Amino acid sequence: MNPLRLEYWAQILNCMAAKSKPLSPEWIEVLVDCPGAQGLYTYRIPPALAVTPGDILSVPFNSQQLGAIAVRYLTQPDLNLDLIKPVEAVISTGFFSSSYWQLLDRIAEYYQTPLMQVIRTALPPGLLARSQRRIRLKPAPSPPATLLSASAQSLLAHLHQSTTGDYTWQYLQRQQRGAHRALQELLRHGWVESYLAPPQTAQPQKRQVVTLTAKPADESLSQRQQEILTGLQRQGGELWLSDALQLLQTTSATLKRLAAKGYLSLEAREVLRVGSHSTAAADQPKTLTAAQTQALAQLNQLEQYVTALLHGVTGSGKTEVYLQAIAPRLNCRQSALVLVPEIGLTSQLTDRFRSRFGERVCLYHSGLSDGERYDTWRQMLSGEPQVVIGTRSAIFVPLSNLGLIVLDEEHDSSFKQDQPAPCYHTRTVARWRAQQANCPLVLGSATPALETWVEVQSSRDSQGQRDEAAQTVYLSLPSRIHNRPHPPIQIIDMRQELQAGNRSIFSRSLEEAIAALPATGGQGILFIHRRGHSSFVSCRSCGYVMECPNCDVSLSYHQPHDQAEPYLRCHYCNHYQSHPSRCPECASPYLKNFGSGTQRVVSEIAKQFPTLRCLRFDSDTTRRKGSHRALLTRFAQGEADLLVGTQMLTKGIDLPQVTLVGIVAADGLLYMPDYWASERAFQMMTQVAGRAGRGERAGQVIVQTYTPEHPAVQAVQQQDYAAFTEAELQDRQALGYPPYGRLILLRVTSPDPIAVKQAAEDFASKLEAIAAASDCDILGPAPAPILRVARRYRWQILLKLPLSALISDLSCLRQHCPDRVSLTIDVDPLNLS
Ligand code: ADP
Ligand code: ZN
Ligand code: ZN
């Protein structure tokens, strides 16, 4: 053996020993990749290892070595220190930035949820399992055999056999016993290293594509075949097979027959796994209107963290402003995150982004398969600038170098997660993220949430004060593109319809407008409030609504089963009464609970207008992947005269040929049993109304209601956001509701109806001590409006706190939670049912 080489190795070993620093943190909590493993586990950080939160580690767990993510340092483990095992190795550093974990920690704390649950929400499932550990030779001269144990030599020999000098750790373990100790030895000497395999390049997915190859003008074709070919032609001559089946309402067999005749070709083509997309044509930035130009200029000036409200009426061109605000940031190699309420409805928006930014756009939402979510994640970790469009969970994507966050339709309540915990609001988390990334956050809406509005106001009032970060910049797009007029909004008093002998769910005006559609060539949208929740009781003769004597909310209608006596209940204070047979106000017998689902409306249309073509758009008809887009495309192509749907219709649909919008029963919206029913009703009605008259032809909006004098209905008709908010905010302030106070909802559930009530009462009495200290009101406990869901009984307690109150840590309540009872804490709840 050459003595010089021996010296060389001795030097290396010395260097390595000198590198260890005893001062670094001693313990780390990690997330272990093991199906049964709950919670975080504590490990010791050996002096020789530098472990940072966000690293991927290998740790001993039971008798195995498992992958793990370093989550946070621990200063004082409350465990027997002798039992804490050491981290074995750092497989990959900086997989997540450490600020990412700070964000998750902050969410856990604010939303009173264990960190583990936040992590489960944030990370795609199977993230660790899919990240494979590999071992490779370091580019150093081979060590002298005498220094190594036999098993280490054998492991080295294996690695030398590999042409690339590396293997998966799994493979090596299978090759020899004691591989683990051998690896330790080699790692210690620095002759091999372990690393995380890049994501396996997904097998390119192939999909069938249908292409038109000949003009559909042949006598031998049936009429149906002709229709299919013309349909395909209208779609640009090419469709994915699955889209073709839906859009053309045909079968594979029919298409194959047409292919055999030479009209079509059917072939497999590769698709990118990350977000399938339509063939959107490239698109140029539009010349902006004066208002858009001004808004954009202000946005472009924002360099640091600040919130900007882009308040633009429906159809005012907000999306174009987002696009042009993102472009320069992408050019500076920054990424952008665009959050939208529901992905199914964003196919139009996504297409616009794709045609502007091409492949740099990627989608992230819960509709993706686990594999797709994982791929998207890994792609983002690469650090390449991109635009991610996604629903609320996309706020957790690991984009580095964020230049802008956009929350489109920021008022939308689907940005709030009801369950499972953490019950986070995307807007709140987006704020924290923007703060961390020190980038602007743009909130866009035609009907900003009152909370956002109040911030803008107080920002204006405090102009010039020092706290810049708390400022909210106000940007306004006050008119529609091309100055298209807003459609006139007609309010129909359904009480008068009844007096005039009309018992139909359609008023005479709406009936006329629907009947006129085919002649004018326009299309209509009928909006119905979602089913199951329109459970208040009102008088069809005088409009009187049954309300709770103690609270400012409507009573909910209950009828456990067909033969049971119906009764009314308040879900804030638990007031109970039987269902009166006559109206307490006018003694009319027409005191009814509301409920007119989409199905009922569609069948009514079929009865009254047998020739009208009608499409139903609700959670039943849009359950399948891609069906939102397919339904909307069919409607956009004029395959139906009417689209009948639930609140999914409120969001961002830009269809120029829609001339009529009908809100069948506004009352279902107005009397939801919670404090912000009016705000939501105003927002939804304004949004739905905004779908009309976006094209060249003027639009018309008809709102049917039994309470035309309701402030929200009045405000919608006058399109007066400012007046509505002013009145509504006064009410909120008087009652200490958000945004002038805060709410925390405790949901207690159990399969046992007695245990759940008992637990809720126990919690409430424990809360009394906390409440007294922080000037907080306890409402309830009361049974939840929907008492039993999935065989669990639900009770709730509502805490009402002044803004100044410090929110105490309520997680101690969990310790008092009986076995079969579970407790969810919803901070800033929106859904009180
Ligand atoms: P919003 O998001 O505010 O409802 P959109 O961004 O969807 O409005 O714009 C409405 C319509 O006007 C879209 O069809 C869009 O392409 C078009 N549009 C937006 N800005 C301009 C512009 N500056 N010039 C011409 N058309 C525009
Ligand atoms: Zn009455
Ligand atoms: Zn009450």
Side-chain angles (χ1 to χ4, degrees), residues 278 280-300 308-327 336 338-343 345-357 361 387 389 404 406-412 415 442-449 452 474-487 523 525 629 632-633 635-637 647-659 661 683-699 701 716 719 721:
S278 69
D283 171 42
Q284 294 301 311
K286 295 191 165 58
T287 312
L288 298 183
T289 63
Q292 282 174 320
T293 310
Q294 208 194 346
L296 181 67
Q298 277 180 277
L299 280 180
N300 283 344
L309 170 64
L310 181 59
H311 185 191
V313 297
T314 54
S316 59
K318 290 185 288 295
T319 313
E320 187 63 33
V321 174
Y322 306 147
L323 286 164
Q324 297 201 24
I326 289 170
V338 180
L339 299 157
V340 295
E342 254 173 67
I343 209 77
L345 307 163
T346 51
S347 43
Q348 279 194 329
L349 181 118
T350 323
D351 287 349
R352 276 164 77 182
F353 273 80
R354 279 250 161 75
S355 51
R356 201 64 65 84
F357 302 124
V361 175
V387 183
I389 305 179
L404 190 72
V406 174
L407 216 77
D408 189 31
E409 312 289 4
E410 64 92 33
H411 62 275
D412 198 290
F415 282 125
V442 180
L443 307 175
S445 177
T447 50
T452 308
Y474 181 71
L475 309 170
S476 158
L477 303 178
S479 48
R480 284 187 157 186
I481 292 293
H482 305 311
N483 281 322
R484 290 212 170 101
H486 271 283
Q523 286 179 305
I525 290 182
R629 180 194 279 271
L632 280 184
T633 312
F635 186 61
Q637 282 168 353
Q647 64 257 49
M648 291 181 173
L649 288 179
T650 51
K651 293 164 196 170
I653 299 174
D654 185 21
L655 297 172
Q657 65 276 45
V658 171
T659 52
V661 164
Q683 286 163 347
M684 279 199 186
M685 287 191 278
T686 306
Q687 296 286 347
V688 184
R691 303 307 119 205
R694 293 169 79 95
E696 313 236 311
R697 257 177 293 164
V701 178
V716 169
Q719 305 185 24
Y721 176 82

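One is the number of the first residue; the rest follow in order along the sequence. Since this is a predicted model, take the numbers as computed values, not measurements. All ligand and atom numbering here is 1-based and tracks the order in the structure. Just the heavy atoms: all of them, side chains too, but no hydrogens, waters or symmetry mates, feed the values below.
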query: Considering residues, nucleotides and ligands other than Gln294, do more than 12 of their heavy atoms fall under 6.0 Å from its CD?
result: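 No, not enclosed.
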
Return yes if a side-chain donor-acceptor contact under 3.5 Å exists between [X] and [Y], otherwise no.
| X | Y | answer |
| --- | --- | --- |
| Thr452 | Glu410 | yes |
| Ser445 | His411 | yes |
| Gln683 | Thr686 | no |

message: Quick check against the 3.5 Å criterion: does Gln324 have a side-chain atom that pairs as donor or acceptor with the backbone of Lys286?
response: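 Yes, the answer is positive, given that a donor and an acceptor are paired below the 3.5 Å cut-off.
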
I'd like the atom pairs linking ligand 1 to the protein - N or O on both sides, separation under 3.5 Å - with distances to 0.1 Å.
{"from": "ligand 1", "atom 1": "2 (O)", "to": "Thr319", "atom 2": "OG1", "distance (Å)": "3.0"}
{"from": "ligand 1", "atom 1": "3 (O)", "to": "Ser316", "atom 2": "N", "distance (Å)": "3.2"}
{"from": "ligand 1", "atom 1": "3 (O)", "to": "Gly317", "atom 2": "N", "distance (Å)": "3.1"}
{"from": "ligand 1", "atom 1": "3 (O)", "to": "Lys318", "atom 2": "N", "distance (Å)": "3.0"}
{"from": "ligand 1", "atom 1": "3 (O)", "to": "Lys318", "atom 2": "NZ", "distance (Å)": "3.0"}
{"from": "ligand 1", "atom 1": "4 (O)", "to": "Gly315", "atom 2": "N", "distance (Å)": "2.9"}
{"from": "ligand 1", "atom 1": "4 (O)", "to": "Arg694", "atom 2": "NH2", "distance (Å)": "3.3"}
{"from": "ligand 1", "atom 1": "6 (O)", "to": "Thr319", "atom 2": "N", "distance (Å)": "3.2"}
{"from": "ligand 1", "atom 1": "6 (O)", "to": "Thr319", "atom 2": "OG1", "distance (Å)": "3.3"}
{"from": "ligand 1", "atom 1": "6 (O)", "to": "Arg352", "atom 2": "NH2", "distance (Å)": "3.1"}
{"from": "ligand 1", "atom 1": "7 (O)", "to": "Arg352", "atom 2": "NH1", "distance (Å)": "3.0"}
{"from": "ligand 1", "atom 1": "8 (O)", "to": "Gly317", "atom 2": "N", "distance (Å)": "3.0"}
{"from": "ligand 1", "atom 1": "14 (O)", "to": "Asp654", "atom 2": "OD2", "distance (Å)": "2.7"}
{"from": "ligand 1", "atom 1": "20 (N)", "to": "Gln292", "atom 2": "NE2", "distance (Å)": "3.1"}
{"from": "ligand 1", "atom 1": "23 (N)", "to": "Thr287", "atom 2": "O", "distance (Å)": "2.8"}
{"from": "ligand 1", "atom 1": "23 (N)", "to": "Gln292", "atom 2": "OE1", "distance (Å)": "2.8"}

task: Output yes when Lys318 and Glu409 qualify as a salt bridge under the 4.0 Å nitrogen-oxygen rule, no when they do not.
output: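 Between Glu409 and Lys318 there is no salt bridge, as every charged N stays at least 4.0 Å from the carboxylate O atoms.
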
